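Notes to accompany the following structure.
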Amino acid sequence: MTEGAEAPPSAAEWPVELRGVTETVVTTFGPNDLWNVAALGVHAPQHGGAATATTWGNTRTRRNFHREGGGYVQFVTDPVVFADATLSIREEPDPVLDAADAWAQVEATHVDTDETENGTRRQHWELRPVESDVVEEAPRTINRGFNAVVEATVAASRLDVPAYDTETLRERLRYFESVVESAGSDREREAMSRVREHADGDW
């Protein structure tokens, strides 16, 4: 890793329990000396192995993982931060976001590459924490609206992907928007507004 992303020499533990695919925000150090902010699904370790993640296409996260060898995986409960990380280009001077409840600086090792039927390159990574911290120890609640925002970001990110039916995705987005309206707080509604804005209101 470069000067902007130096890793401590000793290994660390994940600051939270990983189960299934945990939706996180990752920051990676770019060639412009800023930290790019993006969403990253982290798969829990299997049979004592490392946690894993997949990058899709020629993303900044993929390029920075190759260039720097890692980044900072962060666990957030702010739906607006998650929506912006998923669907917009955000760069920060510091690696750890104010919204992070916990974080882990990770080494990212490229282990495999394959392609989808439509030619999108998927690169698979093993993630190993080298430093971690828990910032927010008080319990935080998550409502159905937050989960709907997460699913909406996935659907919105696929609107221009040929492998997915656009009208089906729009139907999902309309449904998720209705869940946010009925079960979310003002923060989830703001996040859904960001999703619509980033997707050019295309539903």
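None of the values given here were measured: they were computed from a predicted structure.
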Checklist entry - Going through the checks in order, is the side chain to side chain contact (heavy atoms under 4.5 Å, CB included) test met by Phe146 and Arg187? => result CA-CA 9 Å; Phe146 182 91; Arg187 199 63 177 162; over 6 Å; no
Next on the checklist: Pair Glu136, Thr77 - check side chain to side chain contact (heavy atoms under 4.5 Å, CB included), show working.
Outcome noted: CA-CA 11 Å; Glu136 179 63 59; Thr77 52; over 6 Å; no
Item to check | Test side chain to side chain contact (heavy atoms under 4.5 Å, CB included) applied to Val42 and Phe75, step by step | outcome: CA-CA 11 Å; Val42 177; Phe75 304 89; over 6 Å; no
Checklist entry - Val195 and Phe82: side chain to side chain contact (heavy atoms under 4.5 Å, CB included), yes or no, with the steps? => result CA-CA 10 Å; Val195 173; Phe82 187 82; over 6 Å; no
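Remark: Gln105 CD to Arg128 CZ distance equals 15.0 Å, nearest 0.5 Å. Considering OG of Ser157 and NE2 of His198, their distance stands at 12.5 Å, rounded to 0.5 Å. Of the inter-residue distances, the one linking Thr27 atom OG1 with Leu40 atom CG reads 10.5 Å to the nearest 0.5 angstrom. The distance from the CG atom of Leu173 to the OG1 atom of Thr168 is 11.0 Å, given to the nearest 0.5 Å. Annotation: the span from Thr59 atom OG1 to Arg121 atom CZ amounts to 12.0 Å, rounded to 0.5 Å. Rounding to the nearest 0.5 angstrom, the gap separating the CG atom in Asn36 from the CG atom in Leu34 is 9.5 Å.
Summarising the local packing, CG of Asp98 is surrounded by 12 or fewer heavy atoms from other residues, nucleotides or ligands at distances under 6.0 Å. Counting heavy atoms of neighbouring residues, nucleotides and ligands inside a 6.0 Å radius, atom CG of Asp133 exceeds 12 of them. Few gaps surround CD1 on Ile142; more than 12 heavy atoms of other groups in view lie less than 6.0 Å from it. Remark: Arg144 CZ is loosely packed, at most 12 non-hydrogen atoms of other residues, nucleotides or ligands lying under 6.0 Å away. Dense packing is recorded around CZ of Arg170, with more than 12 heavy atoms of other residues, nucleotides or ligands lying under 6.0 Å away.
Listed for the Glu151 side chain is no donor-acceptor partner under 3.5 Å among the backbone atoms of Phe176. At least one donor-acceptor pair under 3.5 Å links the side chain of Asp78 to the backbone N or O of Val80. Remark: side-chain polar atoms of Thr120 are not paired, donor with acceptor, to backbone N or O of Gly57 under 3.5 angstrom.
Note: the hydrophobic cluster containing Val106 also contains Val16 (ILVMFWY, side chain heavy atoms under 4.5 Å, direct or indirect links). Grouping the Ile, Leu, Val, Met, Phe, Trp and Tyr side chains by contacts below 4.5 angstrom, directly or via other members, places Leu18 apart from Val21. Cluster membership check: Leu159 does not share its hydrophobic cluster with Trp56, using side-chain heavy-atom separations under 4.5 Å among Ile, Leu, Val, Met, Phe, Trp and Tyr. Linking Ile, Leu, Val, Met, Phe, Trp and Tyr residues whenever their side-chain heavy atoms come within less than 4.5 Å leaves Leu87 and Val150 in two separate clusters. Val111 and Phe65 fall into different hydrophobic clusters, where Ile, Leu, Val, Met, Phe, Trp and Tyr residues are linked whenever their side-chain heavy atoms come under 4.5 Å apart, directly or through other members.
Screening residues 81-91 for salt bridge (charged side-chain N to carboxylate O under 4.0 Å, His left out) gives Asp84-Arg194, Arg90-Glu92 as the qualifying pairs, with residues at least two apart or on separate chains.
Of the candidates Thr54, Thr109, Thr52, Thr113, His124 forms a side-chain contact (heavy atoms from CB on, under 4.5 Å) with just one, namely Thr54.
A tilted orientation is assigned to the rings of Trp125 and His110, their planes being inclined by 30° to 60°. Ring orientation note: the planes of Trp35 and Tyr72 are nearly perpendicular, at an angle over 60° on the 30°/60° scale.
Donor-acceptor pairing under 3.5 Å is recorded for the side chains of Ser185 and Glu188. Checked by atom type, the side-chain pair Glu68/Thr28 shows no donor-acceptor distance below 3.5 Å. Checked by atom type, the side-chain pair Asn64/Arg67 shows a donor-acceptor distance below 3.5 Å.
Inter-residue side-chain proximity for Arg172 and Trp203 is flagged as unmet; no heavy-atom pair is nearer than 4.5 Å. Taking the side chain as every heavy atom from C-beta outward, Glu23 and Thr153 never approach each other to under 4.5 Å. At a threshold of 4.5 Å between non-hydrogen side-chain atoms, the residues Trp103 and Glu131 count as touching.
A salt bridge links Arg174 with Glu167: at least one charged nitrogen is closer than 4.0 Å to a carboxylate oxygen.
Across all their heavy atoms, Gly145 and Val180 have their closest contact at O-CG2, 3.6 Å. Pairing each heavy atom of Leu127 with each of Ala53, the nearest pair is CD1-CB, 3.8 Å. Closest non-hydrogen pair, Gln74 versus Pro95, comes out as NE2-O, 2.7 Å. In terms of heavy-atom proximity, Ala83 sits nearest to Ala191 at CB-O, 3.9 Å. Between Pro15 and Ser132, the shortest heavy-atom distance links the atoms CD-CB, 3.9 Å. Shortest non-hydrogen contact noted between Val134 and Ala102 is CA-CB, 4.1 Å.
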